Peer 1: 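Structure in structure tokens, see below.
Here is how names work: the chains are called A, B, and so on, in the same order as the sequence lines, proteins then strands, and each is numbered from 1. As a basis for the values below, the full set of heavy atoms in this structure was taken, side chains included, without hydrogen atoms, waters or symmetry mates. If you're wondering where the values come from, they're calculated on a predicted model, not measured in any experiment.
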There are 2 protein chains.
Amino acid sequence: MSERDGRTRRRGEELISAIHAAVLQEVLEVGVGRLTMDGIAKRAATARTTLYRRWSDPIEVLVDALYHAHPVEEPTPGADDLRGDLIRALQLMVKWTLSPAGLAVAAILTDPKGSAKVSDALFEKVFANRGGTFTSTVLRHYAERGHFPAELLTPVVADIGEALITKRLLDTGKPPTDTDLAAIVDQAILPAIGLMPAKPE
Amino acid sequence: MSERDGRTRRRGEELISAIHAAVLQEVLEVGVGRLTMDGIAKRAATARTTLYRRWSDPIEVLVDALYHAHPVEEPTPGADDLRGDLIRALQLMVKWTLSPAGLAVAAILTDPKGSAKVSDALFEKVFANRGGTFTSTVLRHYAERGHFPAELLTPVVADIGEALITKRLLDTGKPPTDTDLAAIVDQAILPAIGLMPAKPE
DNA sequence: GAAGTAAGCTACAGTCGTGTATCTAATTGC
DNA sequence: GCAATTAGATACACGACTGTAGCTTACTTC
């Protein structure tokens, strides 16, 4: 991977990002409930002592890792292609969901136990940063430009795309294909804002 | 609770349902990943030995509990009230979701670890039994009677209601109110089948 | 009532994770 | 180069859960 000449001991930044990667990996395999200092240390090939010097329990390590994860990419609505921009927004969501941080967030959000401590830290970092949902950025853009009546852009409507993707992930465990995304846009989102697609097929 | 005269020892049916209730409760509090024979036994106020006589690990106890849980109530579309029937179907879903078994299923489906072993047993019992989703029963009923074009009833459309409820539960942790359900029906489901609500308000 | 069944208890050795304390040696900064 | 850091390796006592074994005693059945 990165250059690690003859050195045998990682320090500072290098060590920490290895640990961050390790927690995220670990949470995927064992879930939030079974995160242990031991497991993280072993996966990061470091000593438990090193972890305790910086954090006091596995959840802290996890939160820290998420805090330092790459931020969520934002959809940038283009010229005049509502349908295309919606699909791209959903693609962004799928892409993020499949990133280590996204998968970890999913594992956390759905953990019965990990409510208080983690979720708060999460919402502050991951969600507050982003304006809201992926599609709503796009929808707001086009509503402001009069492509459809702004009063149709309710919270429910803003959630449709993300909700359907989430459900598909839960049901099948597999990410939706681009065809699936197009179907979601054509059959659920566009109708909700009063735009029936011309002829789906 | 039930009549337990002077008896000090539960047996058979009575004992087993106490254990079933205990696993379901336990899985809510600690998650699937942290289910232990010990925890279940303590909560059911029985001895670990008693559990081992019947099951060999906590997951087996859980699967058995779900298998014996009350089946999912089915929506029964009525005379001529698509909107009302949809709302009732969603109410049924919410109701089931909040039942001990429903909450346990949610905990399982979303657990990174509990995929293989549990999910299979689950789908066979919980989902295969029911025809499919809650709203699709209703939608199919009205599509067959020509209330809207049957080709609009795609898999995506059939999922809209359930998806939005699931997302709301994940996001807020609280069940949607009847007003929320009505909004879902009016703003997402009905438009998708080509029926814009006359004037919601 | 007597006999069979099964629940409830206690005990045990084994494994795994926890925090803490020590010691060592690699890396960095001057 | 030398001193200050700090990663990495043990080691430890503690507690939780495991699976099994052996025993007592409450319930059921005939």
Side-chain angles (χ1 to χ4, degrees), chain A residues 1-23 25-65 68 111-114 117-118, chain B residues 1-23 25-65 111-114 117:
Chain A
M1 290 291 130
S2 48
E3 69 276 68
R4 301 218 41 255
D5 319 289
R7 278 177 287 126
T8 74
R9 268 186 205 184
R10 298 159 300 179
R11 284 199 164 206
E13 196 50 50
E14 183 187 8
L15 175 62
I16 293 193
S17 29
I19 294 174
H20 284 165
V23 212
Q25 190 59 35
E26 191 76 3
V27 84
L28 286 192
E29 299 206 358
V30 304
V32 195
R34 275 192 170 164
L35 270 189
T36 64
M37 288 303 226
D38 220 47
I40 300 166
K42 270 175 191 145
R43 188 181 293 275
T46 186
R48 261 203 347 274
T49 337
T50 307
L51 295 183
Y52 280 110
R53 276 186 198 115
R54 256 175 260 263
W55 304 279
S56 60
D57 67 69
I59 299 294
E60 270 190 25
V61 189
L62 175 59
V63 170
D64 201 40
H68 287 92
D111 191 274
K113 200 66 185 175
K117 201 166 178 181
V118 199
Chain B
M1 285 293 128
S2 47
E3 68 276 71
R4 303 216 43 254
D5 319 288
R7 276 179 288 125
T8 73
R9 263 184 209 185
R10 297 159 301 179
R11 283 200 164 206
E13 196 51 49
E14 182 188 8
L15 176 62
I16 294 193
S17 27
I19 293 173
H20 284 164
V23 212
Q25 191 60 36
E26 192 76 1
V27 83
L28 287 193
E29 298 207 357
V30 305
V32 195
R34 278 192 168 161
L35 269 188
T36 64
M37 289 303 226
D38 220 48
I40 300 167
K42 272 175 190 144
R43 187 180 294 275
T46 186
R48 254 193 6 263
T49 21
T50 306
L51 295 183
Y52 280 110
R53 275 185 199 118
R54 252 175 263 263
W55 304 279
S56 59
D57 66 69
I59 299 294
E60 270 190 26
V61 189
L62 175 58
V63 171
D64 201 40
D111 191 273
K113 199 65 186 176
K117 200 167 181 181

Peer 1: A:Glu14 side chain to A:Arg10 main-chain N or O, any donor-acceptor pair under 3.5 Å?
Peer 2: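 It does not hold such a pair.
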
Peer 1: Please find the pair of heavy atoms, one from B:Val30 and one from B:Leu35, that lie closest to each other, and give the distance.
Peer 2: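 In this case the closest contact between B:Val30 and B:Leu35 is CG2-N, 4.1 Å.
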
Peer 1: Can you tell me which nucleotide in C:dA25, D:dA21, D:dT18 comes closest to the side chain of B:Thr49?
Peer 2: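 For B:Thr49, the side-chain atoms sit closest to D:dA21.
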
Peer 1: Could you tell me how far apart B:Glu13 (CD) and D:dC27 (P) are, to the nearest whole angstrom?
Peer 2: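 Distance check: B:Glu13 CD to D:dC27 P gives 18 Å.
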
Peer 1: Just the rounded figure in Å: distance from C1' of C:dG17 to CZ of A:Arg34.
Peer 2: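 Result: 12 Å.
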
Peer 1: Have a look at A:Val23 and tell me which of A:Asp64, A:Leu28, A:Ile40, A:Ile59 forms a side-chain contact (heavy atoms from CB on, under 4.5 Å) with it.
Peer 2: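 Between A:Val23 and the candidates, side-chain contact (heavy atoms from CB on, under 4.5 Å) is satisfied uniquely by A:Ile40.
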
Peer 1: What's the NZ-P distance between A:Lys42 and D:dG8, to the nearest Å?
Peer 2: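 To the nearest whole Å, that distance equals 16 Å.
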
Peer 1: B:Ile16 CD1 to C:dA6 P: how many Å, rounded?
Peer 2: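 Computing the B:Ile16:CD1 to C:dA6:P distance gives 11 Å.
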
Peer 1: Over 60° means perpendicular and under 30° means parallel, so classify the ring planes of B:Trp55 and B:His20, tilted if in between.
Peer 2: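 Tilted, since the angle between the ring planes falls between 30° and 60°.
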
Peer 1: Between C:dG19, C:dA7, D:dT18, which nucleotide gets closest to the side-chain atoms of B:Met37?
Peer 2: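 The answer is D:dT18, which lies nearest to the side chain.
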
Peer 1: Measuring from the side chain of B:Thr36 (C-beta onward, heavy atoms only), which nucleotide among D:dC17, C:dT24, C:dG8 has the closest atom?
Peer 2: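 Per side-chain heavy atoms of B:Thr36, the pick is D:dC17.
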
Peer 1: Please test A:Arg54 against A:Ile16 for side chain to side chain contact (heavy atoms under 4.5 Å, CB included), starting from the C-alpha separation and ending with a verdict.
Peer 2: CA-CA 10 Å; A:Arg54 256 175 260 263; A:Ile16 293 193; 3.4 Å; yes

Peer 1: Return the value, rounded to whole Å, for the distance between atom CD1 of A:Ile19 and atom C1' of D:dG8.
Peer 2: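 One finds 12 Å between C1' of D:dG8 and CD1 of A:Ile19, rounded.
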
Peer 1: What integer distance in Å separates A:Arg48:CZ from D:dA13:C1'?
Peer 2: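 Roughly 13 Å, once rounded to whole Å.
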
Peer 1: With rounding to the nearest 0.5 Å, note down the distance linking OG1 in B:Thr46 to CG in B:Leu51.
Peer 2: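 Atom-to-atom, B:Thr46:OG1 and B:Leu51:CG are 6.0 Å apart.
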
Peer 1: Compare the minimum distances between each of D:dG8, D:dA11, C:dA26 and the side chain of A:Leu15, then state the nucleotide with the smallest one.
Peer 2: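 That would be D:dG8.
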
Peer 1: Please tell me which of B:Ser56 and B:Arg11 maps to the more 5' nucleotide of DNA chain D, matching each residue to the nucleotide holding its nearest heavy atom.
Peer 2: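 In this pair, the answer is B:Ser56.
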
Peer 1: Rounded to the nearest 0.5 Å, what separation is found between the NZ atom of A:Lys42 and the CD atom of A:Glu26?
Peer 2: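 One finds 9.5 Å between NZ of A:Lys42 and CD of A:Glu26.
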
Peer 1: If you check every side-chain atom of A:Arg54, which of D:dA7, D:dT20, C:dG19 has the closest atom?
Peer 2: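 Between D:dA7, D:dT20, C:dG19, the one nearest the side chain of A:Arg54 would be D:dA7.
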
Peer 1: Where the side chain of B:Tyr52 is defined as all heavy atoms beyond and including C-beta, which of D:dT20, C:dG8, D:dG8 is the nearest nucleotide?
Peer 2: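 Nucleotide nearest to B:Tyr52's side chain: D:dT20.
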
Peer 1: Check every atom of D:dA26, D:dG8, D:dA7 against the side chain of B:Arg9 and return the nucleotide holding the closest atom.
Peer 2: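 So the nucleotide nearest the side chain must be D:dA26.
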
Peer 1: Just N and O in the side chain of B:Thr50: are any of them under 4.0 Å from OP1 or OP2 of C:dA7?
Peer 2: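 Result: no.
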
Peer 1: Once you round it to whole Å, what is the distance between P of C:dC9 and CZ of B:Arg53?
Peer 2: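 Going from CZ in B:Arg53 over to P in C:dC9 covers 12 Å.
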
Peer 1: Rounding to an integer number of Å, can you tell me how far A:Asp38 CG sits from C:dG17 C1'?
Peer 2: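 About 6 Å, once rounded to whole Å.
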
Peer 1: At how many degrees, to 10°, do the end axes of the helix from C:dG1-D:dC30 to C:dC30-D:dG1 meet when each uses five pairs?
Peer 2: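 Axis angle across the helix from C:dG1-D:dC30 to C:dC30-D:dG1, nearest 10°: 30°.
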
